[in-house]
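Scroll down for the structure; my scribbles are underneath it.
Each ligand, and each atom within it, is numbered from 1 in the order the structure gives.
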Amino acid sequence: MRETKSNGNSSKESPCEILDRYMTVQGGMRRTPERYTILEVVMQMKGHHSADEILAMMPSSFHVSRATMYSTLSLLVKCNLLFEHYMNGATLYECAYNRPVHHHYICTGCNKIWDVQDDSIEQAASKVRTPRFKKLRCSTYIYGICNICQAKLARLKKKMEREKLANMTREEKRFARIGEELSEAAEWFK
Ligand SMILES: [Zn+2]
Ligand SMILES: [Zn+2]
């Protein structure tokens, strides 16, 4: 049977129990209702979200300050209940409870993020020698262009051939630059 690699949490313990245990070990941490409500919200969320997006997910009857949100998210990262990523120039959070370690494809055109499970990445990482450094886990971000953006770029290329650059919108110019970077990168990887 194939063993599923998890983030180190025992599935027998609930997220609440994990948080309780962590706070007991740390000592002196208050069990505030805010922390448990944030925990409930992030355990149900799908995908990758910023602290501001999580703030907007909170029940409208419940006021949570930005400072409380940031400190609670960082607490939940320490408990291994959340993954913290730095993607697309922002810090994004993802539920880590009972989730296997995974990797990400990030489209630089539309900023969409895909979760990827690929054992070959972990196998490659396991072969990397790290003297005087103990490896714990490996998380990879592969930046590129998704197929929708590739099709958009191809259409734009045709449009560019027909029209002058001056007639393009700002968004189109941004995409054209990505297209140029992509062909430069392709040269690089040859
Ligand atoms: Zn895209
Ligand atoms: Zn993910």
Residues Asp115, His48; criterion side-chain hydrogen bond (donor to acceptor under 3.5 Å, both in side chains); working and verdict: CA-CA 10 Å; Asp115 284 345; His48 317 81; 2.9 Å; yes

Pairwise distance CD1(Ile54) to NE2(His49) - rounded to 0.5 angstrom: 7.5 Å

Glu180 with Arg177: basic N within carboxylate O range, under 4.0 Å: no

Interatomic spacing from NE2 in His85 to OG in Ser50 - rounded to 0.5 Å: 13.0 Å

Lys46 with Glu94: basic N within carboxylate O range, under 4.0 Å: no

Pair Arg137 + Glu122: basic N to acidic O under 4.0 Å: no

Side chain proximity check, Ile106 to Lys112, heavy atoms < 4.5 angstrom: no

Cut-off under 2.8 Å, centre the Zn ion (ligand 2), protein N/O/S atoms: His48 NE2, Glu94 OE1, Glu94 OE2, His102 NE2, His104 NE2, Asp115 OD1

From CA spacing to verdict: side-chain hydrogen bond (donor to acceptor under 3.5 Å, both in side chains), Arg31, Thr24: CA-CA 10 Å; Arg31 287 168 165 71; Thr24 305; 2.8 Å; yes

Reported OH-to-CG distance for the pair Tyr97 and Leu39, which is rounded to 0.5 angstrom: 10.0 Å

The Zn ion (ligand 1): protein N, O or S atoms [distance under 2.8 Å]: Cys107 SG, Cys110 SG, Cys146 SG, Cys149 SG

